[in-house]
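Single-structure report; data block below.
On a predicted model such as this, the values are computed, not experimentally measured, just so you know.
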Amino acid sequence: MNVFEAVEYVTGVTYDEIKSPKRHADIAEARFILIFLLWQIEDKSEHQIGKLVNRDHSSVHYAIHQMINLKEKSVKDKVDKCKFYLNQH
């Protein structure tokens, strides 16, 4: 299982939805999780991640720092679940 599949499995949001311009809360949350995991686990640059999710590097930078400073337990739990599935496969 790769990062994209793990995020889709945990959030129920497809990669096509994540890279779309949609800003619905569930899609934005999945996008932030994917961005954070690509940065943290895959060690991709903000520029590389931006290309993958159709966002500029400043949007990616913002998402990463929002996730670093995250206080919402439900989102942290989703990140942890993604990491768990990545470690299983």
Side-chain angles (χ1 to χ4, degrees):
M1 182 174 283
N2 64 38
V3 175
F4 301 96
E5 293 167 335
V7 171
E8 183 173 346
Y9 184 76
V10 170
T11 65
V13 178
T14 67
Y15 177 55
D16 285 339
E17 290 173 309
I18 287 172
K19 61 183 188 170
S20 77
K22 294 178 183 176
R23 294 171 41 173
H24 302 285
D26 59 333
I27 296 172
E29 179 181 273
R31 185 179 301 124
F32 274 36
I33 292 170
L34 177 62
I35 287 169
F36 181 70
L37 292 173
L38 287 169
W39 175 76
Q40 187 181 58
I41 294 173
E42 301 276 324
D43 200 30
K44 298 220 180 279
S45 71
E46 292 176 359
H47 183 72
Q48 290 171 317
I49 296 168
K51 285 184 175 184
L52 292 170
V53 296
N54 291 333
R55 297 292 183 279
D56 63 30
H57 78 280
S58 62
S59 296
V60 171
H61 181 81
Y62 176 79
I64 290 167
H65 286 277
Q66 287 294 106
M67 293 298 291
I68 288 170
N69 298 315
L70 186 68
K71 293 180 176 40
E72 194 172 325
K73 184 172 175 10
S74 65
V75 179
K76 286 182 180 182
D77 288 346
K78 289 177 184 175
V79 171
D80 290 342
K81 283 182 185 177
C82 288
K83 289 179 180 179
F84 172 79
Y85 289 120
L86 289 169
N87 288 329
Q88 295 298 312
H89 299 93

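- Using a 4.5 Å heavy-atom threshold, the side chains of Val75 and Phe32 count as separate.
- Distance check, rounded to the nearest 0.5 Å: OH of Tyr85 to CD of Glu8 gives 13.5 Å.
- His47 NE2 to Leu52 CG: the interatomic distance, rounded to the nearest 0.5 Å, is 10.5 Å.
- In this structure, CD1 in Ile64 is found 10.5 Å from CG in Leu37, a value given to the nearest 0.5 Å.
- With a 6.0 Å radius and a threshold of 12 heavy atoms from other residues, nucleotides or ligands, His65 has its NE2 atom above the threshold.
- Residues Met67 and Ile33 have side chains in contact (heavy-atom distance under 4.5 Å, counting atoms from C-beta outward).
- With hydrogens and angles ignored, the 3.5 Å screen pairs no side-chain donor or acceptor of Ser59 with any backbone N or O of Arg55.
- Between the side chain of Lys76 and the backbone N or O of Leu70 there is at least one donor-acceptor pair closer than 3.5 Å.
- Other residues, nucleotides and ligands contribute only 12 or fewer heavy atoms inside 6.0 Å of the NZ atom of Lys81.
- Residue Cys82 comes nearest to Ala6 through the heavy atom pair SG-O, 3.7 Å, listed as atom of the first residue, atom of the second, then distance.
- Considering only heavy atoms from C-beta on, Val3 comes within 4.5 Å of Leu34 through its side chain.
- Distance check: Lys19 NZ to Thr14 OG1 gives 9.5 Å after rounding to the nearest 0.5 Å.
- By the neighbour-count criterion of 12 heavy atoms within 6.0 Å, atom OH of Tyr15 is densely surrounded, having more than that number from other residues, nucleotides or ligands.
- For Asp77, the salt bridge (Lys or Arg N to Asp or Glu O under 4.0 Å) test picks out Lys73, with sequence neighbours left out.
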Intermediate values then yes/no, side-chain hydrogen bond (donor to acceptor under 3.5 Å, both in side chains), Asp56 and Ser58: CA-CA 6 Å; Asp56 63 30; Ser58 62; 2.7 Å; yes
What side-chain donor-acceptor pairs closer than 3.5 Å can you find for residues 20-28, not counting sequence neighbours?
| residue | atom | partner | partner atom | Å |
| --- | --- | --- | --- | --- |
| Ser20 | OG | Glu17 | O | 2.6 |
| Ser20 | OG | Lys22 | N | 3.3 |

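- For the pair Ile18 and Phe4, the minimum side-chain heavy-atom distance is 4.5 Å or more.
- For residues 30-46, every residue pair satisfying the side chain to side chain donor-acceptor pair (under 3.5 Å) rule, not counting sequence neighbours, is listed here: Gln40-Lys83, Ser45-Gln48, Glu46-His61.
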